[in-house]
Amino acid sequence: MWLLVCAVWFETTGCSEPPRSGLSVSARDFETADAMFHAEPRWLGGDGALSVPLDAQRTLWMFGDSFVATSPANVRGESKMIRNTVAIQDGLNPHGASVRFHWNLDPDGSPAPIFADEGDRWFWPGHGVRLDEGPLLLFLMAVRGTPDEGLGFTEAGYRVVLVDDPEAPVEQWSLETFDPPSPSVDPNATLGLAVLREGPWVYAYANARGAEHVGWLARLAVEDVMARRIAPAWWTGEDWATVEVLGDRPPAVVIDDIGAECSVHFEPRTNAYLHVASRGFGATTIAVRTAPALTGPFTAAQQVFTPAESLEPEPFVYAAKAHPQLVTDDPQELLITYATNTFDFWALFSEPGLTRYWPRFVRLRLERR
């Protein structure tokens with residue numbers, strides 16, 4: 001069923017609250033596209049679901065914690081959950097596209113993540129970009145466990161990965177890694193939630209200050225990336241400064257609640273930058289914001305879709321983000337995914353039909369009022 005959300009223009013004179021987006025948005029499920037995530041019988045679900053265009057037809061998907069079967073039964077009860085997996089989609093419309101899932105293998109033959117754990121840290125995917133110059137530039141969220149505390153994990157900074165041979169089979173990728181520092185006011189800030197290239201620069205958004213989800217922005221010169229000089233400069237509100245120049249100063253807040261996961265891209269259908277994220281906790285909605293520039297100002301969050309799973313008992317819905325390179329049969333539509341889960345981990349093995357812990361597609365139709 002279509003959900004129509006009509007935006008109302010908001011007068012900001014004398015008011016500190018951000019304006020409304022001025023968008024008219026309609027949204028609906030895209031269940032026939034969801035089948036793409038079920039195409040590999042050994043890959044039994046994951047979250048995250050970030051996408052990076054590799055060329056005019058192929059897309060790299062990156063997933064967080066993923067179930068991978070360890071026996072021919074191909075069931076979650078005989079599977080291993082690994083910290084990350086990837087897939088390559090061939091074709092721009094996920095309804096009918098082909099996809100191949102990839103993971104590594106431990107010496108004993110059991111599934112292992114593409115981006116390996118390191119000490120007490122593991123890595124969940126951030127976003128990235130394929131540079132015209134050849135390499136694939138990816139960001140990862142570094143995470144540490146916090147047993148019996150919160151959700152059981154906490155941010156531990158970020159990692160930058162360069163893949164010089166992204167045309168090779170994924171299992172043969174040579175990964176070159178870098179661990180630049182975050183600003184000293186939050187050394188655990190995770191850079192790379194959303195990444196895009198404009199001209200000679202790669203821009204990346206960060207999630208800072210833990211549960212506050214403050215949004216910062218940094219950039220890298222492409223020529224520096226090619227020369228393996230990975231030292232992001234952070235937006236201060238007036239200029240760009242490395243962490244050494246920032247010192248104890250915080251970067252400027254460009255989005256007041258960027259979300260734990262999100263996307264930002266330039267949306268030609270509305271001639272504005274579009275931020276997409278889940279809003280709330282547990283039972284969430286999908287919301288959008290717009291801005292005339294990467295540095296903002298971004299409008300207030302406009303709720304545009306309520307996933308059906310948010311209406312179920314004990315919901316856990318999160319990780320909404322857009323995939324602007326993908327298409328449907330309607331040129332006005334933008335594809336979004338979100339993650340489905342449950343706070344009862346063991347229910348993921350026993351619920352009828354195993355419907356949760358799979359990414360889900362939403363078709364969003366955007367118009368400027």
Side-chain angles (χ1 to χ4, degrees), residues 48-64 84 86-90 92 102 114-115 123-142 158-168 170 173-180 189-207 215-235 240 254-255 258 261-268 273-277 291 293-295 319 321-327 334-337:
L50 298 102
S51 69
V52 178
L54 291 176
D55 54 39
Q57 288 295 317
R58 296 184 309 135
T59 292
L60 169 69
W61 286 91
M62 295 185 289
F63 305 96
N84 54 75
V86 304
I88 305 293
Q89 174 185 336
D90 194 350
L92 297 183
H102 301 269
I114 293 292
F115 309 106
F123 298 95
W124 286 333
H127 198 216
V129 63
R130 172 78 184 271
L131 301 177
D132 295 339
E133 291 78 1
L136 181 63
L137 173 66
L138 302 176
F139 290 75
L140 306 177
M141 296 182 242
Y158 69 99
R159 168 164 286 181
V160 177
V161 177
L162 270 176
V163 183
D164 275 329
D165 52 349
E167 298 298 324
V170 172
W173 280 358
S174 175
L175 307 180
E176 192 172 357
T177 62
F178 307 84
D179 291 296
T190 55
L191 183 62
L193 269 69
V195 181
L196 59 165
R197 178 180 181 174
E198 291 196 352
W201 304 101
V202 172
Y203 294 89
Y205 287 87
N207 171 29
W216 293 340
L217 179 65
R219 74 178 187 183
L220 290 158
V222 172
E223 65 177 0
D224 285 344
V225 173
M226 298 300 295
R228 274 46 180 177
R229 295 189 297 266
I230 310 297
W234 299 77
W235 177 242
W240 302 87
V254 294
I255 304 178
I258 196 168
E261 299 183 50
C262 72
S263 64
V264 179
H265 72 279
F266 182 76
E267 180 48 66
Y273 290 92
L274 187 73
H275 169 260
V276 177
L294 286 165
T295 54
K321 52 185 71 76
H323 308 280
Q325 78 279 14
L326 303 182
V327 302
L334 172 69
L335 284 181
I336 289 173
T337 56

J.: Between V52 and R130, what is the shortest heavy-atom contact and its length?
T.: CG1-N, 3.9 Å
J.: Under the side-chain contact (heavy atoms from CB on, under 4.5 Å) test, which residues partner A221, sequence neighbours left out?
T.: W201, E223, D224
J.: Just do the side-chain contact (heavy atoms from CB on, under 4.5 Å) check on H265 and L334 with the steps written out, would you?
T.: CA-CA 11 Å; H265 72 279; L334 172 69; 3.8 Å; yes
J.: Can you tell if the side chain of T59 reaches within under 4.5 Å of the side chain of I88, non-hydrogen atoms only?
T.: no
J.: Residues in side-chain contact (heavy atoms from CB on, under 4.5 Å) with A142, at least two apart?
T.: R121, F123, A156
J.: Check side chain to side chain donor-acceptor pair (under 3.5 Å) between W61 and all other residues, then give those that pass, not counting sequence neighbours.
T.: Q89
J.: How far does CG of L220 sit from CZ of R229, to the nearest 0.5 angstrom?
T.: 11.0 Å
J.: Checking P200 now: which residues fulfil side-chain contact (heavy atoms from CB on, under 4.5 Å) with it, not counting sequence neighbours?
T.: none
J.: Where is the tightest heavy-atom contact between A322 and V276, given as atom of each residue plus distance?
T.: CB-CG2, 4.0 Å
J.: Rounded at 0.5 Å granularity, tell me how far CG in L326 sits from OG1 in T337.
T.: 9.0 Å
J.: Of all heavy-atom pairs between V222 and G199, which one has the smallest distance, and what is that distance?
T.: CG2-O, 4.4 Å
J.: Find the distance between CZ (R197) and OH (Y203) and round it off to the nearest 0.5 Å.
T.: 11.0 Å
J.: Over all heavy atoms of both residues, which pair between S174 and D165 is shortest? Give the atoms and the distance, please.
T.: N-OD1, 3.4 Å
J.: So do the side chains of V163 and L175 get within less than 4.5 Å of each other, counting heavy atoms only?
T.: yes
J.: Please name all residues satisfying side chain to side chain donor-acceptor pair (under 3.5 Å) with S51, sequence neighbours left out, ordered by chain then number.
T.: H323, Q325
J.: Hey, what do you get for OG1 (T190) to CD1 (I258), rounding to the nearest 0.5 Å?
T.: 9.0 Å
J.: How long is the straight-line distance from CG of L138 back to CE of M62, given to the nearest 0.5 Å?
T.: 5.0 Å
J.: So, for C262 and H275, which heavy atoms are closest and what is the spacing to 0.1 Å?
T.: CB-NE2, 3.6 Å
J.: Less than 4.5 Å apart, side chain to side chain, heavy atoms only: is that true for L131 and M226?
T.: yes
J.: Keeping the roles fixed (side chain from W124, backbone from N84), state whether a donor-acceptor pair exists under 3.5 Å.
T.: no
J.: Let's go through L191 and W216 carefully: what are the C-alpha distance in whole Å and the side-chain angles of both, what is the deciding distance for side-chain contact (heavy atoms from CB on, under 4.5 Å) to 0.1 Å, and is it a yes or a no?
T.: CA-CA 8 Å; L191 183 62; W216 293 340; over 6 Å; no
J.: Could you give me the CA-CA distance, side-chain angles and deciding distance for F178 and L162, then say whether side-chain contact (heavy atoms from CB on, under 4.5 Å) is met?
T.: CA-CA 8 Å; F178 307 84; L162 270 176; 4.0 Å; yes
J.: Is it the case that the side chain of Y158 and the backbone of L193 share a donor-acceptor pair, with hydrogens and angles ignored and the cut-off at 3.5 Å?
T.: no
J.: Can you list the residues that meet the side chain to side chain donor-acceptor pair (under 3.5 Å) rule with W234, with sequence neighbours excluded?
T.: none
J.: For D55, what residues pass the salt bridge (charged side-chain N to carboxylate O under 4.0 Å, His left out) criterion, not counting sequence neighbours?
T.: R58
J.: Of all residues at least two apart in sequence or in a different chain, which pass the ring pair (Phe, Tyr, Trp, His ring centres under 6.0 Å) check with W235?
T.: W240
J.: Answer yes or no: is there a side-chain heavy-atom contact under 4.5 Å between L92 and Q57?
T.: yes
J.: For L50, what residues pass the side-chain contact (heavy atoms from CB on, under 4.5 Å) criterion, not counting sequence neighbours?
T.: P125, H127, K321
J.: Tell me every residue that passes ring pair (Phe, Tyr, Trp, His ring centres under 6.0 Å) with F266, counting only those two or more places apart in sequence or in another chain.
T.: Y273
J.: Holding to salt bridge (charged side-chain N to carboxylate O under 4.0 Å, His left out), I want the full list of residues that pass it with D90, two or more places apart in sequence or in another chain.
T.: none
J.: For the CG atom of L294 and the CG atom of L196, what is their distance to the nearest 0.5 Å?
T.: 5.0 Å
J.: Identify the heavy atoms of A204 and L217 that sit nearest to each other, and give their distance.
T.: O-CD1, 3.4 Å
J.: Holding to salt bridge (charged side-chain N to carboxylate O under 4.0 Å, His left out), I want the full list of residues that pass it with E198, two or more places apart in sequence or in another chain.
T.: none
